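Beneath this line is the structure, given in structure tokens, with notes to follow.
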Amino acid sequence: MTIMECAGCTLIAYGVPFSMFVFTIAHHPFRVIISMTSAFFWLLSLLLSSFLWFAVVPLRTQLAFAVPFAVIFQEIFRFLFYRLIKKAEFALQRVQMQELTDKGMVFDRFAVAYASGYGFGLISGTFAIVNVLSDMTGPGTLGIFGHSQDFFIATAFLTLCVILLNTFWGVIFFTSLDKGGIHRFIGPGTVVLTHMLFSCITLVNRTLTPMYTISLIVGYAILLGMIIYTVVLRGFNLNNIRQRIN
Amino acid sequence: MFWLSPNKIKQIITIYQCIIMILYVLKIAPEWITWVLLPLLAIWDMIAVLLPFGPLYLLINLFQKRKLQVPSTMVYTTGLWFQNQNMNKLIRKKSILLIEQSSSLNLIFLSNNTYNYLYKQENNFNINSSSTDKQILKKRSTRKSMLGLGDFIFYSILLAKTVFTSECNLFAIIIVYLCIIMGMLMTTIILIILHRPLPALPISLLIGLAVFFYYNHIGNQYADVLRLPTGPIII
């Protein structure tokens, strides 16, 4: 019974990202490297935010202090990763190794943005769920002391939401910074604001029997908004879509 | 020794040696030995390869003077170049009941191939795509990257030790794995920039150890606060 639940929650949380990996990232080693490097950057931001949480001793139980700073650190590290990518592209262009382009190390900016967002999302979702999954196969379940029984399912869906959200945030962030002009402020601003909104909405899960519907619905609504914004940013508009459908 | 055997046999033998080593370190040696051994090894690696009086530095200079190619020498009898196409690290979690301590341990310590030459052999083979109209020949180059046996073993020791010290905290394991991979990547980047033989151990081990210790004591509390007792708070 518990193994069933564990398998179910694993597939809910990792089903879509795994297929994304298999179809788009697995056959391109460059994108794999980018994903792992961006996962490492998220890890660094996690270490920093946990250090902040640990250092401010009296506010350790007030998570409303730690969460915004965690979001800010994540976005700072996303920006640092963007700078690193720009430097690497500059260096690669200077070297201009023909053999690398033959092997497929072409610098496709959209693919790099996508892979970096994916890496961020994957490690972020893993942080949220992997310890839950490993505890889930043990004896017993939740809900005895009045806690909500939907903890596992809600965690799985929230993890899926955050993985996909991070992917789109990565694309929005990088392509907005590439475009320049007014997009340099709108794009990252949107990302930071929606990230903050999403994380602070999940803070309402702190009560004894939380209503997971709030965070889930808000999360998926934000996801829909991000999809539309990404599509608009990449240049599609209604005419294009109508032409493609007909 | 095993130069002429097929790839699978070489991989199985090296993984077997790795498992023996890990079981020794985890079960027979005292508890604290990993935490003492790995930083000292990292420092030794840096000293031996980078400083002008280090033994490995002198050895490499000798090879370059005599224009010998490094892997073809039989100086390190167990210093196999581990040809690996997919490194699966899951093997060390399986416990093998009866393992005898073999005397190859000393040889493995001696033959610590810690300089990081990644030999990329490209086997270009053409794959015919199955389209009926045209026959498109796709060239796919498979690379066999080689990692020194000593490096492989000590990374595995670090990973195995984190499994047991953190009581199977999956996230800690994933983090240490990520740090080891990133350490290898950074070493490769520095290798491309500097063009001299580099030790492969220190960056990975030091980053991995630091992150593991930090996460085990502080980061874990942060993760627990975010997850328990109620409601996941997704940062």
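Since the structure is predicted, the reported quantities are computational estimates derived from the model, not experimental observations.
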Between chain B and each of L133(A), V71(A), D135(A), L158(A), count heavy-atom pairs under 4.5 Å; write down the option with the most.
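The residue among L133(A), V71(A), D135(A), L158(A) with the greatest pair count is L158(A).
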L63(A), D150(A), V204(A): which one forms the most heavy-atom pairs within less than 4.5 Å of chain B?
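Ranked by heavy-atom pairs under 4.5 Å with chain B, first place is L63(A).
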Residue [X] versus chain A: region with a heavy atom under 4.5 Å:
X: I174(B); answer: side chain
X: L185(B); answer: side chain
X: I192(B); answer: neither

In a check of ring pair (Phe, Tyr, Trp, His ring centres under 6.0 Å) between F41(A) and each of F120(A), F79(A), F81(A), which one passes?
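Running ring pair (Phe, Tyr, Trp, His ring centres under 6.0 Å) over F120(A), F79(A), F81(A) with F41(A) returns exactly one hit, F81(A).
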Only one of Y177(B), F212(B), Y215(B) forms a ring pair (Phe, Tyr, Trp, His ring centres under 6.0 Å) with F171(B), so which one is it?
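Only one of Y177(B), F212(B), Y215(B) forms a ring pair (Phe, Tyr, Trp, His ring centres under 6.0 Å) with F171(B), namely Y215(B).
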What I'd like to find out is whether the side chain of Q17(B) reaches to under 4.5 Å of the side chain of L149(B), using heavy atoms alone.
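The answer is yes; the side chains approach within 4.5 Å.
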Heavy-atom distances under 4.5 Å only: say whether [X] touches chain B with side chain, backbone, both or neither.
X: V130(A); result: both
X: I129(A); result: neither
X: F51(A); result: both

What residue in I175(B), D224(B), I189(B) has the most heavy-atom pairs under 4.5 Å with chain A?
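Greatest number of close heavy-atom pairs with chain A: I175(B).
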Considering only NZ, NE, NH1 and NH2 on the basic side and carboxylate oxygens on the acidic side, decide whether E89(A) and K86(A) come within less than 4.0 Å.
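Between K86(A) and E89(A) there is no salt bridge, as every charged N stays at least 4.0 Å from the carboxylate O atoms.
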